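Structure record follows, encoded as structure tokens.
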Amino acid sequence: MPKEREWLTFYDWARTYGNYFYLSILGQPILVLNTHDVVSDLLEKRSGIYSSRPRLVMAGDLVGFDQAIALMPYSERFRQLRRLIQRELNAKALEKYWPLHEQESRELAKNLISHPTEMQSYIRHYAGSVILKVTYGYQTQPKDDPFLLLAEKVMQAFSMASQPGAWLVDLVPWLRYLPSWSPGAGFQSTAKKWSDLHMQVINGPYDWAMRNQGLPALAKPNFVSTVINQTDADLTEEEQSLLLWSSASLFGGGADTTVAALSSFFLAMALYPGVQQRGYTEIQKVVGKDRLPSVSDRKHLPYVECIMYEVLRWNPVTPLGVPHMLVEADVYEGYHIPAKTIIMPNIWAMLHEPSIFPEPHSFLPERFVGNEAAVKEVSVAFGFGRRACPGVAFAESSMFVAIATALSTVIIANARDMQGKDITREVPYKTGTISHPPAFTCSLTPRDGAELLSIRT
Ligand code: HEM
């Protein structure tokens, strides 16, 4: 099993072994799918049996990350959570949140202009603030917000806890019964520490939202209040638990993914000044100089929209998706696939398929202009079948307006790594379920229209 950026090795192996191939890691069958055709045959057309998640003893049983939807096995509880989330995250229902996205994008641009060296931390602040406001109605503090600091620690814990092969207890599940004082059971105290942190991030913003219903501190609309107001009676215990975990699922699914995508955007703009200029020119022509772009401008800004698609394609946020698990044995093209096989869709390979995306390593938004097939294909960035990302419309609105606002207000240039060396176009993205670019800085110079940021909306 490759240890770093597995998607690249899998892409190479696909040239030798074919579009899909099978691995066995200590007896655990894994099927890697490298093309959209195969993914569509299995994860979409046979989604009834390909939509569970593998059991992760450390991250799931011990720390409890599997109580939120993304790691949850396919079950009745999963369907209830997913229904609740989908009802509020469909494109129509989301329009009421557009002003929140716009407000936070302007806050981001303002922060980037005042503190250009803290770009990464303000991107993080933007993504967290949007999701906390939309989910709980919570307005973050401009700096060192306690929920965002906590969420960051939990994200790091999640990355470590869910790292494939990092925990012996994932391979030998009975080890979970070792008492914490016994030799080799150090993982128990780590799991306990992470589980406490996890519960703080699940309960903290939710309890805050409950305490503040009907009070002025609560930003409206928000997901929690909308669900509460849909029922006349008090929520039952079961309904409260669904609301708690669906809110947590939005927070967990939406924050770090948006950070990775927007970091890629800033990096791409610094590396491709011509693309940046073309996006800016389009905004100037359509939106003019008297206001900043809004989410509803998207249909009139096709090139900026293509920049967003290219960000999703160039270095996909989840290069290997989130693994699915097959619940019963299956046969595909004559091959037997055992029950409990872990399925890894190689999203990176699909988005670098040269027959659909020529010169796949270059950042070329033009490839999407008037090319509906390419736009359709880029949706693989959001996963498949019954587990496909329910936050796609949310993510696109949030990304689009942050991208358009940044293009309108700052010139992005000079990407450098943390040693101060210029970054070239071959950027080694980090290994992980959510893959971020390596830490970098760039210069951010205010544009003429940036003074519009001082007008609060
Ligand atoms: C650029 C942004 C994003 C990308 C690329 C992305 C991508 C993905 C992918 C690949 C999956 C797994 C799909 C599968 O298993 O086949 C997923 C799941 C999920 N995403 Fe997103 N996502 C993004 C933003 C968001 C946002 C903003 C939210 C919430 C507001 C969200 C909520 C979720 C949830 C709840 C799941 C779990 C779904 C399940 O397991 O059934 N995501 N996302």
Side-chain angles (χ1 to χ4, degrees), residues 7 33 36 39-40 42-44 47 50-54 60 65-75 77-86 88-91 93-94 97 100-101 104 123 126-136 162 222-223 245-265 308-325 342-348 350-351 378-403 432-436:
W7 51 92
L33 312 178
H36 197 177
V39 165
S40 160
L42 300 180
L43 301 190
E44 284 165 356
S47 64
Y50 279 88
S51 296
S52 202
R53 296 284 192 217
F65 285 121
D66 61 352
Q67 294 189 68
I69 188 172
L71 291 191
M72 189 176 271
Y74 198 76
S75 58
R77 168 85 174 174
F78 161 80
R79 277 194 294 272
Q80 288 173 327
L81 279 172
R82 182 122 190 158
R83 258 198 308 272
L84 186 56
I85 289 175
Q86 267 171 331
E88 270 307 298
L89 289 195
N90 70 67
L94 280 174
Y97 299 118
L100 300 184
H101 291 297
E104 292 299 329
I123 293 176
Y126 166 75
S129 296
V130 170
I131 203 92
L132 280 171
K133 215 182 217 181
V134 169
T135 309
Y136 302 102
S162 62
N222 66 69
F223 174 77
W245 286 102
S246 53
S247 319
S249 303
L250 298 191
F251 193 20
D256 206 32
T257 43
T258 308
V259 173
L262 287 180
S263 303
S264 278
F265 160 73
M308 178 186 75
Y309 291 140
E310 186 67 344
V311 166
L312 290 167
R313 186 206 68 81
W314 183 51
N315 281 292
V317 168
T318 57
L320 284 176
V322 178
H324 288 221
M325 195 188 75
I342 294 177
I343 315 290
M344 290 188 173
N346 191 350
I347 290 177
W348 190 94
M350 292 171 229
L351 293 175
V378 88
S379 68
V380 303
F382 290 100
F384 310 96
R386 295 184 195 184
R387 300 308 290 240
C389 176
V392 47
F394 184 111
E396 289 193 0
S397 305
S398 183
M399 278 177 73
F400 174 80
V401 75
I403 287 175
T433 305
I434 297 177
S435 174
H436 292 255

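If you read the sequence from its start, that first residue is 1, and numbering goes on from there. Note that this is a predicted model, so its numbers are computed, not measured. Atoms within a ligand are numbered from 1 in the order they appear, just like the ligands themselves.
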Problem set entry | Nearest non-hydrogen protein atom, atom 35 (C) of ligand 1 | Ile69 CG2, 3.6 Å

For this session: Give the atoms of ligand 1, by number and element, whose distance to some non-hydrogen atom of Phe78 is under 4.0 Å.
Result: 41 (O)

For this session: Give a yes or no on whether the backbone of Leu71 and the side-chain of Asp66 come within a donor-acceptor separation of less than 3.5 Å.
Result: no

For this session: Mind listing the protein N/O/S atoms less than 2.8 Å away from atom 21 (Fe) of ligand 1? Waters don't count.
Result: Cys389 SG

Exercise. Hey, is the main chain of Gly254 close enough, under 3.5 Å, to the side chain of Thr257 for a donor-acceptor pair?
Worked result: yes

For this session: Could you tell me which residues satisfy ring pair (Phe, Tyr, Trp, His ring centres under 6.0 Å) with Tyr74, sequence neighbours excluded, listed by chain and number?
Result: Phe78

For this session: Can you sort out which atoms of ligand 1 are near Arg82, meaning under 4.0 Å from one of its heavy atoms?
Result: 38 (C), 39 (C), 41 (O)

Seminar exercise, completed: Among non-hydrogen protein atoms, atom 12 (C) of ligand 1 lies closest to Val322 CG2, 3.5 Å

Exercise. Does ligand 1 have an atom that lies less than 4.0 angstrom from a heavy atom of Arg53?
Worked result: yes

Exercise. Is there at least one pair of N or O atoms, one from His324 and one from ligand 1, spaced under 3.5 Å apart?
Worked result: yes

For this session: Measure the spacing between OG1 of Thr318 and CD1 of Ile347 and express it to the nearest 0.5 Å.
Result: 4.0 Å

Exercise. What atoms in ligand 1 come closer than 4.0 Å to a heavy atom of Ser249?
Worked result: 35 (C)

Problem set entry | Considering all heavy atoms, the nearest Arg387-Ile69 contact | NH2-O, 2.8 Å

For this session: Check salt bridge (charged side-chain N to carboxylate O under 4.0 Å, His left out) between Arg79 and all other residues, then give those that pass, not counting sequence neighbours.
Result: Glu76

Exercise. Can you check whether Tyr50's main-chain N or O pairs, donor with acceptor, with His324's side chain at less than 3.5 Å?
Worked result: yes

Exercise. Which of the atoms of ligand 1 are close to Ala381, meaning less than 4.0 Å from one of its heavy atoms?
Worked result: 5 (C), 7 (C), 10 (C)

Exercise. Where the side chain of Thr135 meets the backbone of Ile131, is there a donor-acceptor pair that is under 3.5 Å apart?
Worked result: yes

Problem set entry | Residues forming a ring pair (Phe, Tyr, Trp, His ring centres under 6.0 Å) with Tyr309, sequence neighbours excluded | Phe368

Problem set entry | Contact check: Arg387 vs ligand 1, nitrogen or oxygen atoms, below 3.5 angstrom | yes

For this session: Pull out every atom of ligand 1 sitting under 4.0 Å from any heavy atom of Ile131, numbered as shown with elements.
Result: 30 (C)

Problem set entry | Whether Arg53 side chain and Pro323 backbone form a donor-acceptor pair below 3.5 Å | yes

For this session: Give a yes-or-no answer on whether the side chains of Thr258 and Tyr126 include a donor-acceptor pair shorter than 3.5 Å.
Result: no

Problem set entry | Numbering as shown, the atoms of ligand 1 that approach Phe394 to under 4.0 Å (heavy-atom distance) | 27 (C), 30 (C)

For this session: Kindly say whether Leu84 contributes a backbone atom to a donor-acceptor pair with the side chain of Ser246 at under 3.5 angstrom?
Result: no

Exercise. Applying a 4.0 Å heavy-atom criterion (strictly less than), which segment of Met72 is in contact with ligand 1: side chain, backbone, both, or neither?
Worked result: neither

Exercise. For ligand 1, does Val317 get within less than 4.0 Å through its side chain, its backbone, both, or neither, judged by non-hydrogen atoms?
Worked result: side chain

